[in-house]
Asks: 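One structure follows; several queries about it will come next.
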Amino acid sequence: MVFRSYMDIALEEARAAGERGEVPVGAVIVAPDGTVAARAGNRTRELNDPTAHAEILAIRAACAALGSERLPGHDLYVTLEPCPMCATAISAARIARLYYGAADPKSGGVAHGARIFSHRQCHHVPEVYDHIDAKPSEELLKAFFAERR
């Protein structure tokens with residue numbers, strides 16, 4: 001089986017989020033057959049919802065489309081290391097594999113900070129692949145925050 005990254009779609013969603021004035025983070029969920037089940041970018045400001053992170057929105061949409069609260073066999077691509085809230089949702093949704101771009105030493109919940117998947121209480125741990133297209137993800141975030149400082 002040949003690996004095909006879907007990070008390009010996540011980056012499209014991140015760019016669109018940045019254009020809306022949101023922190024430029026994008027996510028895409030891929031079904032076991034390779035089709036895109038859902039895609040989303042951050043919408044916390046637009047929706048006045050602190051839980052409207054790209055990962056959460058994509059998980060919600062994919063679960064609704066599938067008619068299930070779980071996404072076994074599905075992959076999640078996200079441009080930034082998930083925060084603890086999103087990592088917990090990834091576990092609860094039973095995502096099979098997590099691919100993320102930029103590391104988040106300040107607010108990450110996978111390799112930094114809370115490290116949700118290493119807790120005994122974590123019922124499901126996905127396979128994790130980091131630094132997938134990290135450079136364009138990092139550049140988007142740096143440019144976004146440079147404009148605001």
Side-chain angles (χ1 to χ4, degrees), residues 1-18 20 22-138 140-141 144-145:
M1 183 173 151
V2 176
F3 173 74
R4 187 248 196 250
S5 175
Y6 291 79
M7 193 61 81
D8 57 327
I9 298 171
L11 284 163
E12 286 175 18
E13 290 294 332
R15 286 185 199 97
R20 292 190 304 272
E22 302 279 356
V23 175
V25 177
V28 61
I29 294 180
V30 180
D33 67 1
T35 60
V36 173
R39 56 190 287 172
N42 276 357
R43 292 186 180 276
T44 59
R45 290 180 175 87
E46 176 185 344
L47 299 176
N48 299 310
D49 180 355
T51 69
H53 291 196
E55 303 96 317
I56 300 292
L57 296 174
I59 288 169
R60 287 176 183 161
C63 286
L66 189 62
S68 174
E69 77 279 10
R70 294 190 177 156
L71 300 168
H74 287 66
D75 297 342
L76 171 62
Y77 291 80
V78 62
T79 58
L80 180 65
E81 176 184 350
C83 72
M85 173 185 69
C86 291
T88 302
I90 290 163
S91 177
R94 306 302 196 263
I95 297 286
R97 284 164 294 281
L98 166 64
Y99 300 89
Y100 70 85
D104 190 354
K106 180 179 167 246
S107 300
V110 176
H112 299 89
R115 294 184 172 102
I116 295 298
F117 302 140
S118 66
H119 284 264
R120 285 190 341 218
Q121 295 89 349
C122 185
H123 297 293
H124 170 77
V125 177
E127 295 176 30
V128 177
Y129 302 92
D130 58 2
H131 302 298
I132 307 295
D133 286 332
K135 188 172 173 76
S137 298
E138 291 166 358
L140 269 176
L141 289 161
F144 177 83
F145 287 112

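We use all heavy atoms of the structure for the numbers below, so side chains are in, but hydrogens, waters and symmetry mates are not. Residue numbers count from 1 along this sequence.
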Asks: Mind listing the closest non-hydrogen atom pair of Arg97 and Asp75 along with its distance?
Replies: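 Closest approach of Arg97 to Asp75, heavy atoms only: NE-OD1, 2.7 Å.
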Asks: Answer yes or no: is there a donor N or O on one side and an acceptor on the other, between the side chain of His74 and the main chain of Pro72, under 3.5 Å?
Replies: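 Yes, the answer is positive, given that a donor and an acceptor are paired below the 3.5 Å cut-off.
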Asks: Taking all non-hydrogen atoms of both residues into account, name the closest pair between Ala114 and His119 and its distance.
Replies: O-NE2, 2.9 Å
Asks: Check whether Tyr6 reaches the backbone of Ala27 with its side chain - one donor and one acceptor, N or O, closer than 3.5 Å.
Replies: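 No, the answer is negative, given that no donor and acceptor are paired below the 3.5 Å cut-off.
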Asks: Is there a side-chain contact between Val78 and Met7 (heavy atoms, below 4.5 Å)?
Replies: no
Asks: How about Tyr100 and Thr79: do any of their side-chain heavy atoms sit closer than 4.5 Å?
Replies: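 SC-SC contact between Tyr100 and Thr79 ruled out.
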Asks: Does Pro126 reach the side chain of Ile90, with side-chain heavy atoms less than 4.5 Å apart?
Replies: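 In contact.
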Asks: Going from CD1 on Ile95 to SG on Cys86, what distance comes out if it is rounded to the nearest 0.5 angstrom?
Replies: 11.5 Å
Asks: Could you grab the distance from atom CZ of Arg60 to atom CD1 of Ile29, nearest 0.5 Å is fine?
Replies: 11.5 Å
Asks: Can you confirm whether Pro82 sits close enough to Val110 that some side-chain heavy atom of one is under 4.5 Å from a side-chain heavy atom of the other?
Replies: yes
Asks: Any non-hydrogen side-chain atom of Tyr77 less than 4.5 Å from a side-chain atom of Ile9?
Replies: no
Asks: Give the minimum heavy-atom separation between Gly101 and Ala134, together with the two atoms involved.
Replies: O-CB, 3.5 Å
Asks: Once you round to the nearest 0.5 Å, how far does OG1 of Thr88 lie from CD1 of Ile56?
Replies: 8.5 Å
Asks: So, do Leu76 and Val28 sit near enough that their side-chain heavy atoms are less than 4.5 Å apart?
Replies: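 Heavy-atom side-chain distance check fails, nothing below 4.5 Å.
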Asks: Look at the side chain of Thr35 and the backbone N and O of Ala31, then say whether any donor-acceptor pair between them is shorter than 3.5 Å.
Replies: no
Asks: Is there a side-chain hydrogen bond (donor to acceptor under 3.5 Å, both in side chains) between Thr44 and Asn42? Walk through the geometry before answering.
Replies: CA-CA 6 Å; Thr44 59; Asn42 276 357; 5.7 Å; no
Asks: With sequence neighbours left out, write down each residue that passes side-chain contact (heavy atoms from CB on, under 4.5 Å) with Arg94, or none if nothing qualifies.
Replies: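 For Arg94 the side-chain contact (heavy atoms from CB on, under 4.5 Å) partners, ignoring immediate neighbours, are Arg70, His123, His124.
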Asks: Does a salt bridge link Arg43 with Glu22, judged by any charged N lying under 4.0 Å from a carboxylate O?
Replies: no
Asks: Return the minimal non-hydrogen interatomic distance between Gly41 and Leu57, and the atom names on each side.
Replies: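 Nearest pair, atom of Gly41 first, then Leu57: O-CD1, 3.5 Å.
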Asks: Test your reading of the model: is there a side-chain donor-acceptor pair from Ser91 to the backbone of Ala87, 3.5 Å cut-off?
Replies: no
Asks: Could you tell me whether the side chain of Ser5 reaches within less than 4.5 Å of the side chain of Ile132, counting heavy atoms only?
Replies: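 Yes; the side chains approach each other to less than 4.5 Å.
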Asks: Any idea which heavy atoms bring Ala58 and Ala40 closest together, and the distance?
Replies: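 Scanning both residues, the minimum pair turns out to be N-CB, 3.8 Å.
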Asks: Hey, is the main chain of Pro105 close enough, under 3.5 Å, to the side chain of Glu81 for a donor-acceptor pair?
Replies: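 Flag not set: sc Glu81 to bb Pro105 has no pair under 3.5 Å.
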Asks: Using the benzene-type ring in the case of Trp, are the ring centres of Tyr99 and Phe3 under 6.0 Å apart?
Replies: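 Judged by ring-centre distance (under 6.0 Å), Tyr99 and Phe3 do meet the cut-off.
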Asks: Checking side-chain contact (heavy atoms from CB on, under 4.5 Å) for the pair Asp104/His112: CA distance, chi angles, key distance, verdict?
Replies: CA-CA 7 Å; Asp104 190 354; His112 299 89; 5.6 Å; no
Asks: Please give me the minimum heavy-atom distance between Ala17 and Pro24, naming the atom from each residue.
Replies: CB-CA, 4.2 Å
